[in-house]
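In what follows, a structure is listed as structure tokens, so that the remarks can point back to it.
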2 protein chains.
Amino acid sequence: MSFSTSEENYLKAIFKIAERKGVPVSTNAIAKELHTSAASVTDMLQKLAEKQLVQYRKYRGVELTSDGKEVATQLIRKHRLWESFLVEKLGFSWDEVHDIAEQLEHIDSPLLVNRLDAFLDFPKFDPHGDPIPDRNGKFTLRSQIPLHQLSSGEVGIVIAVQNHEKGYLTLLDELDIQIGTSIRLIETFDFDNSLKIEVSDSREHLISDHISKNIYVRKV
Amino acid sequence: MSFSTSEENYLKAIFKIAERKGVPVSTNAIAKELHTSAASVTDMLQKLAEKQLVQYRKYRGVELTSDGKEVATQLIRKHRLWESFLVEKLGFSWDEVHDIAEQLEHIDSPLLVNRLDAFLDFPKFDPHGDPIPDRNGKFTLRSQIPLHQLSSGEVGIVIAVQNHEKGYLTLLDELDIQIGTSIRLIETFDFDNSLKIEVSDSREHLISDHISKNIYVRKV
DNA sequence: AAGAATATTTAGATTTACCTAAAAAAAAAT
DNA sequence: ATTTTTTTTTAGGTAAATCTAAATATTCTT
Ligand SMILES: [Mn+2]
Ligand SMILES: [Mn+2]
Ligand SMILES: [Mn+2]
Ligand SMILES: [Mn+2]
């Protein structure tokens, strides 16, 4: 009932791709997510299928079994709890924590995870606004829309960002955009889908579609 | 400048054996410490020697180079800081933390270690009384003697235990012996070197030489 | 419905970290 | 100073996780 770091990373990748693009998940999509070769992915899928963690049909892609989903969910729980710990208790900023959490999520101790959860007061969302599954694997659901889906003049509160790369997050810092920031959509430019926005009732910026599509808000 | 978990475990083992028994450290001693075969140890020593982490002479044993010592010291620092965190912040008891710290000590992030150190208020000793090296690798030295070196009637305060196994530590819990506990040596039995002791001016126990030799005290 | 392009699997290697059994060296005992 | 015992190294192999190149299956395009 314990898995290698490698097996865990594959299960988490499959879970995340399935969330974004649905099932079945293709070999190439996994290879891209994990920066590895398609051949390596095929090897691992056969292994995971034998262990009943995925349902695999040659040339047709994979889907997680309920066991596989359980493992992936616990990993995501650990990742997001550790990120919360690093920000809330150790004073890290949101652009510094992902890579460290990639390591910490593989620490194997259910007791530690639950103690950490309690120490943090059972947080429901991590520093990037992503929901933290509870000890039973249950995610808190919220309605959220990508920033560009606001109508002109509408205001949204940032509740999540979908990209955790350091470069992306420090760019948001430059724009004074964090979780909780209010953004008014002023105008959409159809030419390249860039947006003119007003941040916190003060600064105005023109942001690319690549930036805006990773920002999720709830309407006020 | 980054090493595998396996390489790190060998370096730490060599450091600890050298501390206890001096240099050079034999192949067999390492094999025993890491529960592995002598042949595996030889393989690894050759690899570590190539990387300039140990000075290795065939059939003659090894000694850490200054690079090797540096790596080992940082590992010990991480291990003991994580143990302190688990006890001080997450409410673990001293017999539950060693195995988890064995995993956490391999997390690679110097910034994390130093933030953790600050979060814990720069502790000088871990939950077992072992000194925590500072960020420059400096250990706080104290004079400590094994319990059996007290003379009859003398009192010592427990400042460290040398064995971290769960079984040993829960036994000490049974005897109400913790870091800081005062123990009076009542009598030594030469037959098997067992000791009659009085714990915290109240309970008397007869303890085996195997138990007493892992308890270190300072005279009051 | 072919043919071309893309995706996936298989074949065959490589690296790391192990192992057992045999050989060689060092240390201990006579 | 031999002989015996112990320690250490070498030889040869295995399993996990990766790779590249070649073969095969699927999907897209005409
Ligand atoms: Mn993350
Ligand atoms: Mn996150
Ligand atoms: Mn320990
Ligand atoms: Mn300790």
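All chains are named by letter (A, B, ...) in the order of the sequence lines, taking the proteins before the strands, and each is independently numbered beginning at 1.
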Within the structure shown, what part of the strands sits under 4.0 Å from B/Thr42 by heavy-atom distance: base, sugar-phosphate, or nothing?
base
Give a yes or no on whether the backbone of A/Leu195 and the side-chain of A/Thr188 come within a donor-acceptor separation of less than 3.5 Å.
no
Decide whether A/Asp126 and A/Trp94 meet the rule of one side-chain donor and one side-chain acceptor closer than 3.5 Å.
no
OP1 or OP2 of D/dT9 less than 4.0 angstrom from a side-chain nitrogen or oxygen of B/Arg57, does that happen here?
no
Where do A/Gly129 and A/Arg142 come nearest, in terms of heavy atoms and distance?
O-NH2, 2.8 Å
For DNA chain C, the residues among residues 2-20 of chain A that have a non-hydrogen atom under 4.0 Å from it
none
To the nearest angstrom, how far is B/Glu50 atom CD from C/dT15 atom P?
13 Å
Side chain of B/Tyr59, heavy atoms from C-beta onward: which of D/dT18, C/dT9, C/dA25 has the nearest atom to it?
C/dA25
Whole angstrom is fine here: how far is it from NZ in A/Lys51 over to C1' in D/dA15?
12 Å
I want to check one thing: is the phosphate of C/dA24, taken as OP1 and OP2, less than 4.0 Å away from some side-chain N or O of B/Lys58?
no
So, B/Asn136 versus B/Arg77: side-chain donor-acceptor pair below 3.5 Å or not?
no
Hey, does the side chain of A/Asn28 come within less than 4.0 Å of C/dT8's phosphate (OP1/OP2), counting only N and O?
yes
NA contact type, A/Ser40, heavy-atom cut-off 4.0 Å: base, sugar-phosphate, or nothing?
base
With a 4.0 Å cutoff (strictly under), does any side-chain N or O of B/Gln46 reach OP1 or OP2 of D/dT10?
yes
Which nucleotide in the list C/dC18, D/dC19, D/dT26 gets nearest to the side chain of B/Asp43?
C/dC18
B/Met44 CE to D/dT9 C1', straight-line distance once rounded to whole Å
16 Å
Checking contacts here: which listed nucleotide (D/dT9, C/dT9, C/dA7) is nearest the side-chain heavy atoms of B/Thr27?
D/dT9
Round to the nearest Å and state the distance from B/Leu45 atom CG to D/dT10 atom P.
11 Å
I'd like to know if A/Glu33 and A/Arg20 make a salt bridge, using a cut-off of under 4.0 Å between side-chain N and carboxylate O.
yes
Please confirm whether the backbone N or O of A/Thr36 pairs with a side-chain atom of A/Ser40, one donor and one acceptor, at under 3.5 Å?
no
Are OP1 or OP2 of C/dT9 and a side-chain N or O of A/Arg60 less than 4.0 angstrom apart?
no
Go through D/dT20, C/dT9, D/dA11 for me and flag the one nearest to the A/Ser37 side chain.
D/dT20
Is the centre of the B/Phe85 ring less than 6.0 Å from the centre of the A/Phe85 ring?
yes
